There are 2 protein chains.
Amino acid sequence: MKPTIKNIAKAAGVSTATVSRALANKDQLLRPATSARIRKIAHEMGYHKNVAASQLASKITKTIAVIINYTQTNFWKEIVDGILQQAHQLGYQVIIFSAGENDPARLTQTVNEALEHQASGILLISGKIEANQVAILSRAHTPYRLVSIYDRHHPEYRFISSDNIAIGELATTYLIKQGHHKIGLVGIDHSSTGQQRLLGYQKAMTAADLTINPDWVHYGNYSYQSGQQLYQQVQGQSLTAIVAGSDMVAVGLIKAAQQAGTQVPEQLSVVGIDGALAGEIVSPELTTVKQDFFRMGTTSVDNLLNDQAATFIPTRLVKRASVAKL
Amino acid sequence: MKPTIKNIAKAAGVSTATVSRALANKDQLLRPATSARIRKIAHEMGYHKNVAASQLASKITKTIAVIINYTQTNFWKEIVDGILQQAHQLGYQVIIFSAGENDPARLTQTVNEALEHQASGILLISGKIEANQVAILSRAHTPYRLVSIYDRHHPEYRFISSDNIAIGELATTYLIKQGHHKIGLVGIDHSSTGQQRLLGYQKAMTAADLTINPDWVHYGNYSYQSGQQLYQQVQGQSLTAIVAGSDMVAVGLIKAAQQAGTQVPEQLSVVGIDGALAGEIVSPELTTVKQDFFRMGTTSVDNLLNDQAATFIPTRLVKRASVAKL
DNA sequence: TTGAAAGCGCTAACAT
DNA sequence: ATGTTAGCGCTTTCAA
């Protein structure tokens with residue numbers, strides 16, 4: 001049998017309450033000598049606290065539950081990394097639930113599982129979420145944050161996300177300032193993320209009095225493959241610059257362009273943007289991407305625990321200069 | 001107040017025992033009608049089981065604790081990925097503890113924390129471990145596995161690791177068969193991992209009746225940077241081939257060689273090997289590395305839960321052909 | 001098929 | 001400074 005505080009109490013000739021105090025380092029409540037003696041005995045007996053019992057009695061669980069809804073791109077690892085680091089710093093444990101890949105029913109089930117653990121808060125890393133899933137979360141009165149999701153149709157959701165409108169605008173403005181007029185937007189999808197980047201793109205173009213040809217917007221899924229494939233469609237359009245929906249799309253575009261014999265840096269400017277759905281680390285030069293996700297992770301924990309308002313993470317541009325090094 | 005089985009019992013006009021049974025789906029123990037009615041009420045009341053209470057009462061925790069001892073290279077993410085997937089499949093939860101970077105005191109503390117959670121088993125992902133830490137684990141009678149550690153001085157440790165001797169031998173033999181005689185070994189370190197790869201290298205060279213010049217062995221830390229730096233020392237040695245201590249070292253060597261104007265594929269053959277300390281994903285062509293770690297993750301869970309003997313994961317060579325594409 | 005009751009190991013008043 | 005005691009919410013014999 002594993003030793004319990006009861007065993008230790010008997011061995012030390014004190015009550016369980018005293019043992020509990022000693023092991024919790026409540027030194028102002030008991031004589032240092034007693035405390036030290038008890039801890040020594042506990043150590044000798046190979047005692048380990050039973051967290052379940054402790055949690056049940058105290059109603060405090062210093063743990064954060066993280067739900068991962070897998071996506072094609074593996075950006076979640078960087079976020080989890082950030083969460084782990086900060087959680088530890090704050091003295092919290094992290095319990096991770098995997099919700100499979102884009103499986104609503106399973107995500108719902110996973111949300112329930114997370115709730116059963118009475119965590120101090122829940123972080124849901126996902127690309128999508130359904131209303132009923134959020135409803136379960138908010139009904140349970142457990143603080144939660146949707147990491148990397150922002151749905152403008154549901155301003156009441158608690159979220160942490162990249163500011164995708166700003167990202168799109170920033171990238172486009174960057175190219176406009178370089179003197180470009182015919183700028184494409186390649187590789188975004190129809191999710192909020194993509195639509196907001198599109199919005200930012202449109203905003204920048206309009207602000208500069210440039211006309212937008214709807215054909216310049218090419219849909220994909222933020223992947224390297226998307227970039228490679230979409231280059232064919234871009235090729236005939238006499239664009240001089242492209243805002244790539246993600247850093248991976250940018251790399252895909254450039255590789256395809258190189259294979260087609262186009263000298264990218266001279267004939268076509270490509271700016272890749274990172275954000276919620278980009279994240280494969282492609283080369284040592286692109287590690288900035290990693291840092292942004294890391295920051296998203298740490299920000300999430302802070303925001304969750306302090307119950308602040310919704311947060312947008314500013315996100316960096318991945319400049320053509322870097323990408324072209326590949 | 002969050003609803004408890006007591007509340008549900010009252011609402012349903014039954015005892016808490018019945019509610020417990022209904023919610024645990026022990027349908028052979030009660031009338032389906034009762035069971036369904038109780039579950040409906042529980043759902044309406046927004047009930048979520050309290051895992052702590054459940055664990056305490058049943059003494060069963062379907063969770064696996066994973067301790068991450070950070071290293072420079074981020075291979076642990078792939079392992080954790082594998083663990084998450086298989087754990088979920090087996091109905092286990094995963095709780096993750098971060099033990100900082102190469103901090104023995106903190107690792108010891110983290111091991112104790114993991115033990116407090118009464119997990120079904122503990123997976124320790126680390127490059128190093130100290131005897132007293134293993135002692136704590138084995139004394140606690142909680143099944144554990146040291147993932148990616150193999151220390152031949154401690155055959156009693158429970159571990160899962162790459163077979164580093166085989167890896168070194170495999171890579172070297174591969175080059176010998178290509179007709180090379182002057183083969184270097186670059187970028188390994190002084191840990192067991194490195195020494196075993198060296199052993200494999202020596203084994204292969206000896207078996208082929210080739211002399212080994214001790215100067216041909218260059219120490220580093222498996223990183224891209226190591227490869228870049230060590231190229232200088234390799235340059236003057238008139239080697240025709242190199243076994244790189246990791247895939248990253250191989251890439252570093254090749255990049256340095258290119259910068260120095262050497263045509264690698266023609267003048268110098270480089271074989272990179274992956275394993276416990278390699279793991280940055282460098283390009284889409286190198287994703288095999290990822291799969292190996294993934295496999296290490298899933299194997300760990302299986303091995304832990306079924307308490308099998310120590311396991312070696314066979315590890316693939318990363319061929320020069322792939323690496324040279326970069 | 002259901003209920004009563006004991007107790008898992010710990011914490012936290014309250015009492016001394 | 002330490003002990004007594006009543007739970008925390010659930011599971012699980014044992015009875016009915």
Side-chain angles (χ1 to χ4, degrees), chain A residues 1-39 41-42 45-63 112-113 115-120 140 142, chain B residues 1-39 41-42 45-63 112-113 115-120 140 142:
Chain A
M1 268 310 282
K2 286 182 182 171
T4 68
I5 53 169
K6 211 170 167 181
N7 303 325
I8 296 169
K10 198 185 294 177
V14 297
S15 74
T16 60
T18 304
V19 174
S20 177
R21 289 174 190 127
L23 297 177
N25 292 309
K26 304 202 166 163
D27 285 333
Q28 62 286 46
L29 289 179
L30 61 166
R31 208 162 352 126
T34 320
S35 182
R37 189 169 53 90
I38 292 173
R39 278 199 289 262
I41 292 174
M45 295 178 72
Y47 171 80
H48 295 284
K49 180 205 279 228
N50 182 325
V51 171
S54 170
Q55 286 182 358
L56 182 60
S58 70
K59 300 185 153 201
I60 289 173
T61 73
K62 283 226 150 195
T63 101
N112 281 316
E113 280 173 20
L115 252 11
E116 295 180 350
H117 279 255
Q118 327 291 121
S120 306
T142 297
Chain B
M1 269 308 283
K2 287 181 182 171
T4 67
I5 54 168
K6 212 170 166 181
N7 303 326
I8 295 169
K10 197 184 296 178
V14 296
S15 72
T16 59
T18 305
V19 174
S20 176
R21 288 173 190 129
L23 296 176
N25 292 308
K26 303 201 167 168
D27 285 333
Q28 62 287 45
L29 290 178
L30 62 169
R31 213 170 337 135
T34 319
S35 182
R37 188 168 55 91
I38 291 173
R39 277 199 290 262
I41 292 174
M45 295 177 72
Y47 171 80
H48 295 284
K49 180 205 281 229
N50 182 325
V51 171
S54 170
Q55 286 182 357
L56 182 59
S58 70
K59 301 187 153 199
I60 290 173
T61 73
K62 283 228 149 195
T63 100
N112 281 315
E113 280 173 21
L115 253 10
E116 295 181 350
H117 279 256
Q118 328 291 120
S120 306
T142 297

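Naming convention: chains lettered A, B, ... in sequence-line order (proteins, then strands); numbering from 1 in each chain. Computed from a predicted model, the values in this text were never measured in an experiment.
- Atom P of nucleotide dT11(C) and atom CG of Leu23(A) are separated by 8 Å, given to the nearest angstrom.
- Within 4.0 Å (heavy atoms only), Gln28(A) reaches sugar-phosphate atoms of the nucleic acid but no base atom.
- Of the side-chain N and O atoms in Thr34(B), one or more sit less than 4.0 angstrom from OP1 or OP2 of dT2(C).
- Distance Ile8(B) CD1 to dC10(D) P: 7 Å, rounded to the nearest Å.
- The phosphate of dT11(D) has OP1 or OP2 within less than 4.0 Å of a side-chain N or O from Ser54(B).
- Protein atom NZ of Lys26(A) is 14 Å distant from nucleotide atom P of dC10(C), rounded to whole Å.
- Taking each heavy atom of Thr63(B) and Ala119(B) in turn, the nearest pair found is O-CB, 3.4 Å.
- Within a 6.0 Å sphere centred on NZ of Lys10(A), heavy atoms belonging to other residues, nucleotides or ligands number 12 at most.
- Taking the side chain of Ala57(A) as heavy atoms from C-beta on, and the options dT12(D), dT11(C), dA12(C), the nearest nucleotide is dT11(C).
- For dC10(C), neither phosphate oxygen OP1 nor OP2 lies less than 4.0 angstrom from any side-chain nitrogen or oxygen of Ser20(A).
- Distances shorter than 4.0 Å separate none of the side-chain N or O atoms of Lys2(A) from OP1 or OP2 on dG9(C).
- Among the atoms of the strands shown, only primed sugar atoms or phosphate atoms (P, OP1, OP2) are found under 4.0 Å from some heavy atom of Val14(A).
- Going from atom NZ of Lys49(A) over to atom P of dC8(C) covers 19 Å, rounded to whole Å.
- Contact check, Ser15(A) against dG3(D): a side-chain N or O comes under 4.0 Å of OP1 or OP2.
- Put simply, CG on Leu56(A) is 4 Å from C1' on dC8(D), counting in whole angstrom units.
- Note that CD1 of Ile41(B) is 12.0 Å distant from CG of Asn7(B), once rounded to the nearest 0.5 Å.
- Of the residues listed (His48(B), Lys2(B), Lys49(B)), the one engaging Leu115(A) in a side-chain contact (heavy atoms from CB on, under 4.5 Å) is His48(B), and it is the only one.
- Distances from the side chain of Ile5(A) to the nucleotides dT12(D), dG9(D), dT11(C) place dT11(C) closest.
- One can place CG of Leu30(A) at 21 Å from P of dT16(C), the figure rounded to the nearest angstrom.
- The distance from the CG atom of Leu23(B) to the OG1 atom of Thr16(B) is 11.0 Å, given to the nearest 0.5 Å.
- Atom OG of Ser35(A) is separated from atom CG of Leu29(A) by 10.0 Å, given to the nearest 0.5 angstrom.
- Judged by atom type and distance alone, Arg21(B) reaches the base of dT13(D) through a side-chain donor-acceptor pair under 3.5 Å.
- Phosphate proximity of dT12(D) to Lys59(B): absent, as no side-chain N or O sits under 4.0 Å from OP1 or OP2.
- Between dC10(C), dA4(C), dT2(D), one nucleotide has an atom nearer to the side chain of Ala17(B) than all others, and that is dA4(C).
- OP1 and OP2 of dC8(D) both lie 4.0 Å or more from every side-chain N or O belonging to Lys6(B).
- What separates NZ of Lys10(B) from C1' of dG3(C) is a distance of 17 Å, to the nearest Å.
- Rounded to an integer number of Å, the gap from CG of Asn50(B) to P of dC10(C) is 16 Å.
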